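First comes the structure, then the notes that go with it.
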Amino acid sequence: MIDPKFLKPYSPQEAEPRVYKLWEDSGYFNPDNLPGKREKPYTIMMPPPNVTGILHMGHALMLTLEDILIRYKRMRGFKTLWLPGTDHAAIATQSRVEKDIYKAENKNRHDLGREEFLKRVEKFAKESHDTIASQIRIMGASCDWSREAFTLDEKRNLAVRAMFKKMYEDGLIYRGHRIVNWDPKGQTTISDDEIVYEERKGILHTFKYSKDFPISIATTRPETKLGDVGVAVHPDDERYTKYIGKTFEVKDFAGVNLSIKIVGDKEVDPKFGTGAVGLTPAHSHTDWDIAVRHNLPKDKIVINEYGKMTENAGTQFVGKKIAEARELVVDWLKEQGLLEKEEEISQNIATAERTGGIVEPLPKLQWFIDVNKPIVEREGKTLKEIMHRAVANKEIKILPEHFEKTYFHWIENLRDWCISRQIWYGHRIPVWYKDTQIFVGLEAPTETGWEQDPDTLDTWFSSGLWTFSTLGWPEKTQDMSLYHPTDVLETGYEILFFWVARMILMSGYALGQIPFHTIYLHGTVRDAKGRKMSKSLGNGIDPIDVAKKFGTDAGRMALIIGNTPGTDTKISEDKIRGYKNFANKIWNITRFIIENTPDTEYSPDFTEWCESDKKLVTERDNLIAESTKDVEEYRLYMAAEKLYHYSWHSFADIIIEDSKTVFKSGNEKDVMSRKQFLLQTLRLTLITLHPFMPFVTEEIWQTIPTLKSKGLLMIEQWPYSKI
RNA sequence: GCGCCUUUAGCUCAGCUGGUUAGAGCGUGCGAUUCACAUUCGCAAGGUCGUAGGUUCGAUUCCUACAAGGCGCACCA
């Protein structure tokens with residue numbers, strides 16, 4: 001008797017939660033519980049979503065791609081581990097919570113104090129985590145919850161401390177006083193990669209320090225000139241060579257005394273401005289470098305951490321904001337008749353990715369990772385070389401391939417990585433100070449008087465360890481030896497440098513291993529018009545709403561079809577609706593077949609095909625073989641589309657339609673052959689579509705008595721496993 | 001400034017290593033539909049494959065230049 005469910009349209013809302021529970025309760029998400037021998041492991045570490053809120057379409061795409069790969073490999077008999085987790089996302093989470101608290105209570109983090117503030121952040125992170133974990137389930141992700149990790153939990157903290165200690169002892173981590181990127185809004189340093197450049201209009205002022213100063217200079221930041229210590233010109237610039245080496249005393253530059261030494265440096269572009277650069281080493285990266293080369297004073301700081309002028313800027317400027325000071329200096333130059341020219345130019349302003357604050361270069365004592373130091377344990381290779389080599393010698397393959405060039409280009413320009421942050425939420429730096437002594441270790445020294453460094457680590461330091469901190473490193477666990485290196489790292493191309501490169505660095509350094517064999521980079525999910533989804537535009541599609549309205553399967557298909565690696569993809573409700581109809585189509589295919597084969601036993605070894613069906617078998621098997629190859633070669637979009645097209649436009653539209661005639665004909669051999677073909681193809685359709693549309697296929701499998709008796713579709717064997 | 005990507009039907013995109021009438025989905029038009037389908041099915045229209053050269057027996061596919069759009073990195077005094 002046909003199950004009455006089939007008399008109504010397929011209801012993903014009803015089926016999906018029930019089916020997920022069935023899977024989760026089976027224990028098969030955990031590779032230890034999978035049936036059969038399964039000697040070969042297949043591992044994916046889930047890129048941990050930030051605990052700053054809820055999942056968006058990008059997460060849905062990531063989860064879909066990874067789930068397809070994992071489900072496919074599980075059906076191919078691999079010991080599949082997909083390890084889920086979340087990321088504490090230090091700055092992002094801290095600033096989010098700060099904002100909330102300020103809105104609700106008009107307090108900042110200092111009003112609450114470190115301990116109380118951290119409690120609040122942890123509470124927020126916990127809630128956010130719970131939301132995310134439930135949303136990952138809604139997406140149908142077949143990941144091993146028993147191994148779930150958090151970048152800031154105890155085990156990961158141990159890994160972080162162990163790594164810091166190891167790198168410190170190898171001389172790769174050092175403390176240095178140098179110019180860093182300071183975010184006045186977030187009150188912390190940030191790395192070069194956390195800077196976003198924004199093009200803005202600025203005014204280039206050309207002026208002289210004093211009437212009798214021989215060289216005019218140009219600047220967009222007149223207020224910093226209060227801290228100038230020199231002027232740099234190109235060594236071959238004939239206009240200025242006669243001044244190189246001389247020092248000029250400027251008695252009164254807007255109220256301060258300046259001692260300006262003229263130096264020749266080839267970094268100076270003689271064609272820009274006047275061809276002479278006023279040097280402010282404390283507030284400019286390039287000026288700092290020039291000052292180092294020519295031994296000029298570097299610590300004349302005129303702007304502090306809050307973006308205000310310091311005492312060095314003179315009594316009339318101290319305490320004033322940058323913008324105000326800038327106007328005052330310009331006014332003064334005008335009054336003195338020193339301003340020669342003002343022109344509008346466009347310039348790139350460095351802003352902090354997370355807070356949007358304008359980045360102020362400042363000299364500070366910070367912790368760095370040396371990317372150019374030869375490592376004894378690694379045959380004298382540097383971290384840069386470790387990162388470069390893994391991709392260059394094809395140990396790691398990037399998809400799409402052209403991102404390799406981007407990757408190499410980034411490595412070439414890489415400078416030492418500043419890893420200390422002046423924020424509270426994150427891994428505390430495992431360094432203790434007592435007078436002039438420094439102690440670096442896993443635990444605090446037992447004697448009294450030691451104080452721990454107040455700073456925390458860049459969040460990407462802990463994410464860099466993700467492929468192995470999740471497996472228990474630094475302990476020598478069974479998981480470590482079985483699952484590392486992992487197989488695929490699937491993530492968005494925008495975090496290739498932030499994260500992917502750092503994992504290659506950390507794994508290569510600490511283990512002498514690559515972290516993964518293949519990098520699959522997906523693009524950004526955009527709206528129907530190609531715009532980025534954002535809160536302010538209100539054009540976002542919430543994957544959870546999609547699940548409610550159309551079903552997760554439909555959302556997954558819409559995300560995957562037409563989506564090639566590295567390319568942005570557009571999605572709309574219309575597209576999703578199409579795949580909702582497809583789920584219903586499979587539902588009705590099933591209904592037709594069971595209604596028309598009530599007395600037919602499915603026999604797996606059936607060979608008595610009539611002539612016309614022989615062709616159908618070949619066609620179908622070729623299609624499955626092609627799709628299998630597509631999945632193996634990461635053309636998931638292609639496999640999904642082929643299977644979709646076959647099910648609907650061959651199997652349903654042609655073959656099933658034709659069956660109506662065959663059944664009427666009454667030719668017994670033909671009828672039997674066709675019935676067997678329909679049953680067999682239904683079974684194969686469900687199996688091959690399962691990685692893409694896991695819910696509807698499993699629901700059907702569980703509803704048909706003969707298929708259900710074989711257990712879960714999730715662990716059914718993929719056909720033609722020789723491919 | 002250095003580099004990467006994209007440019008194929010009205011829209012969104014496929015087209016793997018060059019080879020018969022260039023494909024899909026959506027949309028459009030016409031027709032059918034109490035017979036698995038909160039619909040579905042059939043048929044049809046629609047493309048000088050960004051522009052200009054080149055390699056080749058043959059190029060949407062390879063090379064060069066150019067144009068438009070997008071992106072990354074660096075500089076930014």
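The analysis underlying the following values was restricted to heavy atoms, covering all of them including side chains, and did not include hydrogens, waters or symmetry mates. Proteins get letters first, then strands, A, B, ... in listed order; numbering begins at 1 in each. As the structure is a prediction and not an experimental result, all values here were calculated from the model.
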TODO: Assign A:T569 to base, sugar-phosphate, or nothing according to its heavy-atom contacts below 4.0 angstrom with the strands shown.
DONE: nothing
Task: Salt bridge A:K548-A:E16, side-chain N to carboxylate O under 4.0 Å - done: no
Open item on the list: Taking A:K394 first and then A:E401, would you say they form a salt bridge - that is, a charged N and a carboxylate O separated by under 4.0 Å?
Closed with: yes
Task: Spacing between A:N596 atom CG and B:C35 atom C1', to the nearest angstrom - done: 11 Å
Task: Touch class at under 4.0 angstrom, heavy-atom based, for A:N581 against every strand present - done: sugar-phosphate
- [ ] Quickly work out the A:E573 CD to B:G27 C1' distance and round it to whole Å.
- [x] 17 Å
Task: Length of the line joining A:F403:CZ and B:G72:C1', which is rounded to integer Å - done: 9 Å
TODO: Classify the nucleic acid contact of A:D630 as base, sugar-phosphate or nothing, counting any heavy atom under 4.0 Å across all strands shown.
DONE: nothing
Open item on the list: From C-beta outward on A:W648, which listed nucleotide comes closest to its side chain: B:C37, B:C16, B:U40?
Closed with: B:U40
Open item on the list: Please check: side-chain N/O of A:N584 versus main-chain N/O of A:K580, any donor-acceptor pairing under 3.5 Å?
Closed with: no
Task: Nearest-nucleotide comparison on RNA chain B, the residue closer to the 5′ end among A:K664 and A:H285 - done: A:K664
Task: Closest listed nucleotide, where the reference is the side chain of A:N584 and the choices are B:C41, B:C73, B:A38 - done: B:A38
Open item on the list: Quick check on B:G25: is either OP1 or OP2 less than 4.0 Å from any side-chain nitrogen or oxygen of A:H649?
Closed with: yes
- [ ] Using the C1' atom as the reference point in each nucleotide, state the distance between B:G47 and B:G54 in Å, no decimals.
- [x] 25 Å
Task: Side-chain touch A:N181/A:H285, heavy atoms, less than 4.5 angstrom - done: yes
Task: Sugar-phosphate only, base, or nothing, as touched by A:G562 at under 4.0 Å among non-hydrogen atoms - done: sugar-phosphate
Task: Electrostatic pair A:K532:A:D568 at N-O distance under 4.0 angstrom - done: no
- [ ] Look at the side chain of A:Y197 and decide which nucleotide, out of B:C41, B:C2, B:C75, has an atom nearest to it.
- [x] B:C75
TODO: Choose from B:A14, B:A36, B:C4 the nucleotide whose nearest atom is closest to any side-chain atom of A:H402.
DONE: B:C4
TODO: Determine the Euclidean distance between corresponding C1' atoms of B:U7 and B:A52; express it in Å to zero decimal places.
DONE: 16 Å
TODO: Select base, sugar-phosphate, or nothing to describe what A:E633 touches, counting heavy atoms under 4.0 Å on all strands.
DONE: nothing
Task: Under-3.5 Å donor-acceptor pair between A:K585 side chain and B:C37 base - done: yes
Task: Atom P, compared across B:C30 and B:A67: separation rounded to whole Å - done: 46 Å
Task: Residue pair A:W410 / A:D193, side-chain donor-acceptor N/O under 3.5 Å - done: yes
TODO: For A:T564, report the nucleic acid contact type (base, sugar-phosphate, nothing); a contact means any heavy atom under 4.0 Å.
DONE: sugar-phosphate
Open item on the list: Do A:I260 and A:F213 make a side-chain contact, defined as non-hydrogen atoms from C-beta onward lying under 4.5 Å apart?
Closed with: yes
- [ ] Using the six-membered ring wherever Trp is involved, compare the ring planes of A:F651 and A:F677 and label them parallel, tilted or perpendicular (cut-offs 30° and 60°).
- [x] perpendicular
- [ ] Write down the distance between CG (A:L521) and P (B:G72), rounded to a whole number of angstrom.
- [x] 15 Å
Open item on the list: If you only use heavy atoms from C-beta on, which nucleotide in B:C41, B:G72, B:A36 is closest to the side chain of A:E595?
Closed with: B:A36
Task: Nearest-neighbour nucleotide for the A:P9 side chain, B:A38, B:G72, B:A24 considered - done: B:A38
Task: Selection from B:A38, B:A14, B:A36 that lies nearest to any side-chain heavy atom of A:Y637 - done: B:A14
Task: Nearest-Å distance once atom P is located in both B:G29 and B:A22 - done: 26 Å
TODO: With P as the reference atom in both, quote the distance from B:U60 to B:U20 in angstrom, rounded to an integer.
DONE: 10 Å
TODO: Could you please name the partner base of B:A44, counting Watson-Crick and G-U wobble pairs only when both distances are under 3.5 Å?
DONE: B:U28
Task: Pairing nucleotide - B:C13, Watson-Crick or G-U, each distance under 3.5 Å - done: B:G23
Open item on the list: Need one value for A:D574: base, sugar-phosphate or nothing, where a base atom within 4.0 Å counts as base even if backbone is also close, heavy atoms only.
Closed with: nothing
Task: Rounded interatomic separation in angstrom, taking CG from A:D269 and P from B:C76 - done: 10 Å
Task: Short side-chain N/O contact from A:K575 to OP1 or OP2 of B:C11, under 4.0 Å - done: no
Open item on the list: For a quick check of understanding: with a heavy-atom distance under 4.0 Å over all strands, which category does A:I349 fall into, base, sugar-phosphate or nothing?
Closed with: nothing
Open item on the list: For B:C66, give the paired nucleotide (Watson-Crick: N1-N3 plus N6-O4 or O6-N4; G-U: N1-O2 and O6-N3; both under 3.5 Å), or none.
Closed with: B:G50
Open item on the list: When the P atoms of B:U51 and B:A9 are compared, how many Å lie between them, rounded to an integer?
Closed with: 11 Å
Open item on the list: Nearest to the side chain of A:M638, heavy atoms from C-beta on, is which of B:U40, B:G72, B:G15?
Closed with: B:G15
Task: Sugar-phosphate, base or nothing in reach of A:I656, heavy atoms under 4.0 Å - done: base
Task: Per A:N348 side chain, nearest of listed nucleotides B:A38, B:A36, B:A74 - done: B:A74
- [ ] Run the salt-bridge test on A:E267 and A:R293 with the 4.0 Å N-O cut-off and return the result as yes or no.
- [x] no
Open item on the list: Students often get this wrong, so: under 4.0 angstrom with heavy atoms, is A:A652 touching a base, only sugar-phosphate, or nothing?
Closed with: base
Open item on the list: Taking A:R635 first and then A:E626, would you say they form a salt bridge - that is, a charged N and a carboxylate O separated by under 4.0 Å?
Closed with: no
Task: Value in whole Å for how far the C1' atom of B:A24 lies from CG of A:L643 - done: 14 Å
TODO: Name the pairing partner of B:G1, where a pair is Watson-Crick or G-U wobble with both distances under 3.5 Å, or state none.
DONE: B:C73
TODO: Round to a whole Å and report the spacing from CZ of A:F651 to P of B:C37.
DONE: 16 Å
Task: P-based separation of B:A24 from B:C41 [nearest Å] - done: 15 Å
TODO: Mind calculating the distance between CD1 (A:I561) and P (B:G15) to the nearest angstrom?
DONE: 14 Å
- [ ] For nucleotides B:U6 and B:C49, find the distance between their C1' atoms and express it as a whole number of Å.
- [x] 14 Å
Task: OP1 or OP2 of B:C5 under 4.0 Å from side-chain N/O of A:T567 - done: no
- [ ] For B:C13, take OP1 and OP2 only and decide whether either is under 4.0 Å from a side-chain N or O of A:K570.
- [x] yes
Task: Side-chain N or O of A:T286 closer than 4.0 Å to phosphate OP1/OP2 of B:C76 - done: yes
TODO: On RNA chain B, check which nucleotide each of A:F592 and A:I195 is closest to and give me the residue with the more 5' one.
DONE: A:F592
